[in-house]
Amino acid sequence: METLHIRTAREDDLPTLHDLARRTLMLDSFSPELLAEKLFKKPRPREFVWETYLAESRGRPAGMMQAGARPAAGKAWLGLFAVDADLRRRGIASALFQRAKEDWPAGIEEVEVLAIPGNFFTPGLDPRYTEALCFLERLGFERFKDCVNLTAELSEQFDTSEEEQRIAADDIKVRRAHPADDRLLDEFFAEHFGDDWRFEAGLAMDNDPPTLHLALKNDRIIAFSAHSTQNREWGFFGPMGTAPEARGKGVGRVLLWHCLNDMRAAGHHTAVIPWVGPIAFYSQWARCRVKRVFWRYRLRLSVPRGTKRV
Ligand SMILES: CC(C)(COP(=O)(O)OP(=O)(O)OC[C@H]1O[C@@H](n2cnc3c(N)ncnc32)[C@H](O)[C@@H]1OP(=O)(O)O)[C@@H](O)C(=O)NCCC(=O)NCCS
């Protein structure tokens, strides 16, 4: 292989990275802004270490790979990766992966592909990226799960009034979140869905107006749904969740409809319901259909004896 130089990419490499990603990730369309969100947004500075590596061959960009690690969890992720078509099968992606591994802190036990909490492009590998599938399996990655993205048609507004009246009889109120809800959100996520979804709810709260809808009973949150926390140009739904004791009352569908109505009002014709999950729920209440299938891959790394997580 001709001399390959690998370095960490900077934000001013974005035009180069976008060109490279666009000519190689043929199944996806995305703006430079969306790519910048994936590669350079630092979603959890205290917990995650992120880098995008750029491989250059004879002064021209040849490949890229995003990699992130969450040392406290002993886990790392490969984000987007791509090598120019005429430079494939020369070990460039392998060299990028090797470099990412060398940079990770000690104690990483598992690497997952693309399903990065809070900042994912896709929730796994679309197997139609067949070369990537071959590459990952050659490196020892194992497919352990499937998931899908659904699509919702937004041609008509969802009427929530009847269902809202029905659940109001059970003292359940539905409304858009507002900044004063922070304490209630902290309590709810501490009890039910944890820090990652608390973080995503925070991203929804940063939008104006907040793209977060809540169901409350006795002044406590019992369910939530969010949208436009990332990948906004795709009309991106989620996450959503209902506390176990409040399930089966029809709260989730009302919250889903509010989010879809918001996205319709923002000009989207369709919405992506990513990383699903309960297909029947979305199919029944919003006539969603499977749009894409993803295979989730992971690789267990051997950690030297005595290596501690930091
Ligand atoms: C996947 C991709 C990054 C691999 O890049 P690469 O630089 O060609 O990979 P490497 O040369 O390091 O390949 C290492 C090994 O993986 C396997 N492999 C890679 N491509 C393969 C292919 N097309 N068919 C079979 N095996 C393949 C081989 O075992 C290869 O070793 P070998 O050539 O000595 O047999 C490249 O094909 C690509 O950019 N694809 C399009 C983008 C994409 O699908 N990205 C994933 C979604 S984000």
Side-chain angles (χ1 to χ4, degrees), residues 1-9 13-14 16-32 34-41 50-58 60-69 76-103 111-149 230-231 233-234 236 272 274-275 291-299 301:
M1 191 194 352
E2 57 268 24
T3 319
L4 192 72
H5 175 63
I6 296 179
R7 64 173 174 86
T8 54
D13 291 311
L14 187 64
T16 302
L17 292 165
H18 187 245
D19 281 350
L20 178 63
R22 258 202 341 186
R23 36 178 207 266
T24 49
L25 302 175
M26 310 294 283
L27 303 172
D28 293 281
S29 70
F30 45 89
S31 68
L34 192 149
L35 189 67
E37 174 182 277
K38 297 303 106 188
L39 301 185
F40 297 115
K41 190 169 179 184
W50 290 114
E51 288 296 358
T52 296
Y53 298 96
L54 181 60
E56 291 161 322
S57 172
R58 296 187 182 163
R60 81 167 246 219
M64 55 158 289
M65 181 175 282
Q66 181 196 16
W77 284 264
L78 290 191
L80 292 167
F81 57 97
V83 170
D84 248 336
D86 62 329
L87 296 173
R88 289 180 191 165
R89 304 296 294 267
R90 298 178 194 202
I92 295 177
S94 302
L96 284 160
F97 182 55
Q98 185 58 33
R99 169 64 190 272
K101 276 201 296 184
E102 286 164 11
D103 281 0
V111 190
E112 225 200 291
V113 179
L114 288 160
I116 301 171
N119 190 23
F120 60 95
F121 189 75
T122 53
L125 183 75
D126 183 329
R128 292 173 300 164
Y129 283 122
T130 309
E131 293 167 292
L133 183 162
C134 297
F135 164 72
L136 290 172
E137 293 191 357
R138 174 76 173 83
L139 260 53
F141 280 82
E142 286 174 349
R143 175 183 165 197
F144 69 99
K145 213 172 178 180
D146 298 345
C147 63
V148 299
N149 279 3
Q230 54 170 326
N231 302 327
E233 67 198 45
W234 295 340
F236 216 65
V272 180
W275 205 330
K291 180 78 170 177
R292 287 178 81 176
V293 176
F294 300 97
W295 292 0
R296 291 182 66 186
Y297 276 96
R298 70 181 169 204
L299 173 69
L301 297 177

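Note that these values count all heavy atoms, side chains included, but never hydrogens, waters or copies made by symmetry. In what follows, residues are counted from 1 in the order of the sequence shown. Start at 1 and go down the list; that is how both ligands and their atoms are numbered.
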From the list R143, E137, K145, side-chain hydrogen bond (donor to acceptor under 3.5 Å, both in side chains) partner of Y297 resolves to E137
Suppose we measure from [atom] to each protein heavy atom; which comes out shortest, and what is that distance?
atom: atom 13 (O) of ligand 1; value: F135 CD1, 3.8 Å
atom: atom 2 (C) of ligand 1; value: A93 CB, 4.5 Å
atom: atom 1 (C) of ligand 1; value: A132 CA, 3.4 Å
atom: atom 26 (N) of ligand 1; value: C134 CB, 3.4 Å
atom: atom 20 (N) of ligand 1; value: R89 CD, 3.4 Å
atom: atom 41 (C) of ligand 1; value: R88 NH2, 3.4 Å
atom: atom 14 (C) of ligand 1; value: S94 OG, 3.3 Å
atom: atom 23 (N) of ligand 1; value: E131 CG, 3.2 Å

Using modelled atom types only, decide if a donor and an acceptor are shared between the side chain of R88 and the backbone of V83 within a distance under 3.5 Å. yes
Between the main-chain N or O of I92 and the side-chain N or O of S94, is there a donor-acceptor pair closer than 3.5 Å? no
What I want to know is whether [X] and ligand 1 share at least one N or O pair that is separated by under 3.5 angstrom.
X: F81; result: yes
X: L125; result: no
X: R138; result: yes
X: V83; result: yes

Below 4.0 Å, non-hydrogen atoms only: which portion of L25 touches ligand 1? Side chain, backbone, both or neither. side chain
Output the list of atoms in ligand 1 that are nearer than 4.0 Å to some heavy atom of R90, sorted by atom number. 11 (O)
Element-labelled atoms of ligand 1 that are located less than 4.0 Å from some non-hydrogen atom of T24: 41 (C), 42 (C)
So is G63 in contact with ligand 1, going by heavy-atom distances below 4.0 Å? no
Rounded to the nearest 0.5 Å, how far does CG of L78 lie from CG of L139? 8.5 Å
Relative to each other, are the rings of F81 and F135 parallel, tilted or perpendicular (30° and 60° limits)? tilted
Would you mind telling me which of D13, L35, L34 makes a side-chain contact (heavy atoms from CB on, under 4.5 Å) with H18? L35
If we check salt bridge (Lys or Arg N to Asp or Glu O under 4.0 Å) with D84, which of these qualifies: R58, R23, R90? R23
Using the six-membered ring of Y53, assess whether NZ or CZ of R99 lies under 6.0 Å from its centre and within 45 degrees of the ring axis. no
Whether over 12 other heavy atoms sit under 6.0 Å from E142 CD: no
Scanning both residues in full, the closest heavy-atom pair of N119 with K41 reads ND2-O, 4.0 Å
